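Okay, so here's the structure we're looking at.
Note that the structure is a prediction, hence the values are computed from the model and not measured. Just so we're on the same page: letters track the sequence lines, and every chain starts at 1.
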Amino acid sequence: MKNFFISDIDNITPGKEVHVKGWAQDIRLMKNIAFIIVRDSTGLVQATVKRDCPDFHKLETLSRESVVEITGTVPEKVQSNIGREILVTSVELINMAEVPLPIGITDNVETDMDTRFNSRFLDLRKPEIGRIFQAKSAILWGIRNFLMSQGFTEVQTPKTVSAATEGGAELFHVKYFEKNIFLNQSPQLYKEMLVASGVERVFEVGPAFRAEEHNTPRHLNEFTSIDIEMGFADHHDAMHMLENAIAKGISNFLENVRDASSFSVVKEKPVTPFPRVSYLECIKILKGEGYPAVHGEDLNNEALKIIGKKFDGFYFITDWPTSVRPFYTALLDNNPEYTKSYDLQFREIEITSGAQRVHNPAELKRRIEDKGLDSDDFEFYLRTFKYGMPPHAGWGLGLERLVQVILGLPNIREASLFPRDRNRVFP
RNA sequence: GCCCCGGUAGUGUAGUGGCCUAUCAUACAGGCCUGUCGAGCCUGUGACUCGGGUUCAAAUCCCGGCCGGGGCGCCA
């Protein structure tokens with residue numbers, strides 16, 4: 001196993017011998033001297049090979065992106081402006097890369113997104129692409145650690161389901177032996193059932209599937225949803241949990257990923273609590289700006305852009321009208337036209353949707369039917385409310401969207417290793 | 001689901017009916033090379049998405065397919 005990495009060279013005393021294993025990112029071969037820029041997951045080093053090195057002739061056949069092992073010593077004075085150098089005594093060609101490369105790793109030409117995704121394994125070798133996923137990992141671990149510290153239990157629920165769960169979103173149909181079933185759009189009903197099971201604070205990180213034929217920079221047909229549900233809690237509690245989880249995700253990223261603030265648009269831990277603005281206040285803002293907002297309707301993208309300009313970064317829109325929220329959303333105590341619900345926004349992008357939920361089974365059944373759904377289809381869910389269901393609240397957070405807004409990525413596909421969209425199911 | 005735009009060497013582009021035997025960059029191959037570092041210089045290889053149609057003539061115009069990017073709707 002390799003246990004010496006290129007960044008470890010920084011701690012080596014000059015004159016000492018090192019073995020470097022990695023990819024030959026660039027090769028500059030001259031008559032009496034050659035330079036190989038070697039890359040591994042921690043950084044770059046220049047391997048300087050002089051004519052008198054017995055392996056000098058091997059470089060004539062070396063192709064870019066081949067895997068090499070290089071032995072040499074660290075010089076007293078580094079002459080490469082990469083900042084790391086080794087003076088080579090031997091070169092092993094471990095596995096040669098074919099030429100030409102399907103896409104350039106360091107070439108001074110842009111590559112279309114589609115072409116990049118067709119050769120995603122090579123695309124990910126670019127440091128500026130690979131670090132997106134270091135950021136994603138660090139953000140997720142920050143959120144996970146926070147939830148664990150708050151007494152949450154991580155669970156896994158089925159992604160194959162027999163009935164449409166929430167209505168609304170289109171689902172993917174799957175053949176399941178002799179049955180026709182669906183891929184789940186969200187773990188919503190399962191996490192509520194687990195609250196009824198006595199798992200008072202529960203979360204899941206897993207895929208969610210939406211068969212919507214959208215083609216936009218902020219939608220994927222398969223995305224990672226971070227979902228929580230808390231028993232004996234209301235929507236305010238859930239919002240507190242959310243803003244703190246996001247703050248922890250961001251601080252974990254900023255503290256643990258090299259040069260994080262140089263490529264992130266969110267450069268410091270956000271201030272909590274995040275601003276809250278109610279749906280009704282949004283309508284007032286829009287009317288004040290001369291935008292024809294219709295009270296009772298969802299806020300469209302153009303409206304959200306106007307609202308987003310009023311806030312710098314993350315903010316909540318609360319108390320949405322009952323007509324635009326799912327059946328399981330609890331109503332405001334003093335006004336059933338509105339709900340105990342909220343979206344977390346970053347400018348016009350919706351990151352999270354959440355609410356306190358209905359916990360009374362009779363009310364829940366009525367709300368299902370009010371939405372024109374058949375309550376018999378939800379019997380597996382409804383019966384969990386009949387034997388002691390506490391008040392509860394939670395949210396679902398789109399991980400790729402969160403990464404997209406934190407890093408300022410122009411397209412959400414950039415935040416998925418192998419994105420799934422309307423046309424792409426490869427690789 | 002509706003709408004708009006696009007598809008030229010491995011990669012990215014220029015080219016709006018004849019001057020295209022298709023531009024440039026990058027990559028690749030070969031040559032020169034003095035510690036290079038977006039190395040440089042010279043030579044070379046390499047392309048019009050597919051199928052119909054219009055025309056004396058199509059990369060270029062028209063229709064359709066396939067593929068891609070985006071807007072709306074919907075959502076995370």
Nucleotide paired to B/C32 in any strand shown, Watson-Crick or G-U, under 3.5 Å | B/G40
Return the nucleotide paired to B/G46: Watson-Crick means purine N1 to pyrimidine N3 with N6-O4 or O6-N4, wobble means G-U with N1-O2 and O6-N3, both under 3.5 Å.
-> none
Nearest-nucleotide wise, let me know which of A/Gly398 and A/Pro102 is further upstream toward the 5' end of RNA chain B.
-> A/Pro102
Of A/Asp112 and A/Gln46, the one whose closest RNA chain B nucleotide lies more 5' | A/Asp112
Could you give the distance separating [M] and [N] at their [atom1] atoms, to the nearest angstrom?
{"N": "B/U49", "M": "B/A59", "atom1": "C1'", "answer": "12 Å"}
{"N": "B/C24", "M": "B/A9", "atom1": "C1'", "answer": "12 Å"}
{"N": "B/G6", "M": "B/C20", "atom1": "C1'", "answer": "22 Å"}

Give a yes or no answer on whether the side chain of A/Asp298 reaches the backbone of A/Val324 with a donor-acceptor pair at less than 3.5 Å.
-> no
Is a side-chain N or O of A/Thr61 found less than 3.5 angstrom from the main chain of A/Lys58, in a donor-acceptor match?
-> yes
Checking all strands, does A/Leu29 fall into the base, sugar-phosphate, or nothing category for heavy-atom contacts under 4.0 angstrom?
-> base
With heavy atoms under 4.0 Å as the rule, sort A/Thr216 into base, sugar-phosphate or nothing.
-> base
Report yes or no: do A/Thr272 and A/Glu243 form a side-chain donor-acceptor pair below 3.5 Å?
-> no
Any side-chain donor near an acceptor of the partner, A/Gln404 and A/Glu400, under 3.5 Å = no
Roughly how many Å is it from CD in A/Gln79 to P in B/U36, rounded to a whole number?
-> 9 Å
Quick one: A/His214 NE2 to B/C4 P, roughly how many Å, whole number?
-> 21 Å
Under the criteria of a ring-centre distance below 5.5 Å and an interplanar angle below 30°, is A/Phe223 stacked with the base of B/A76?
-> yes
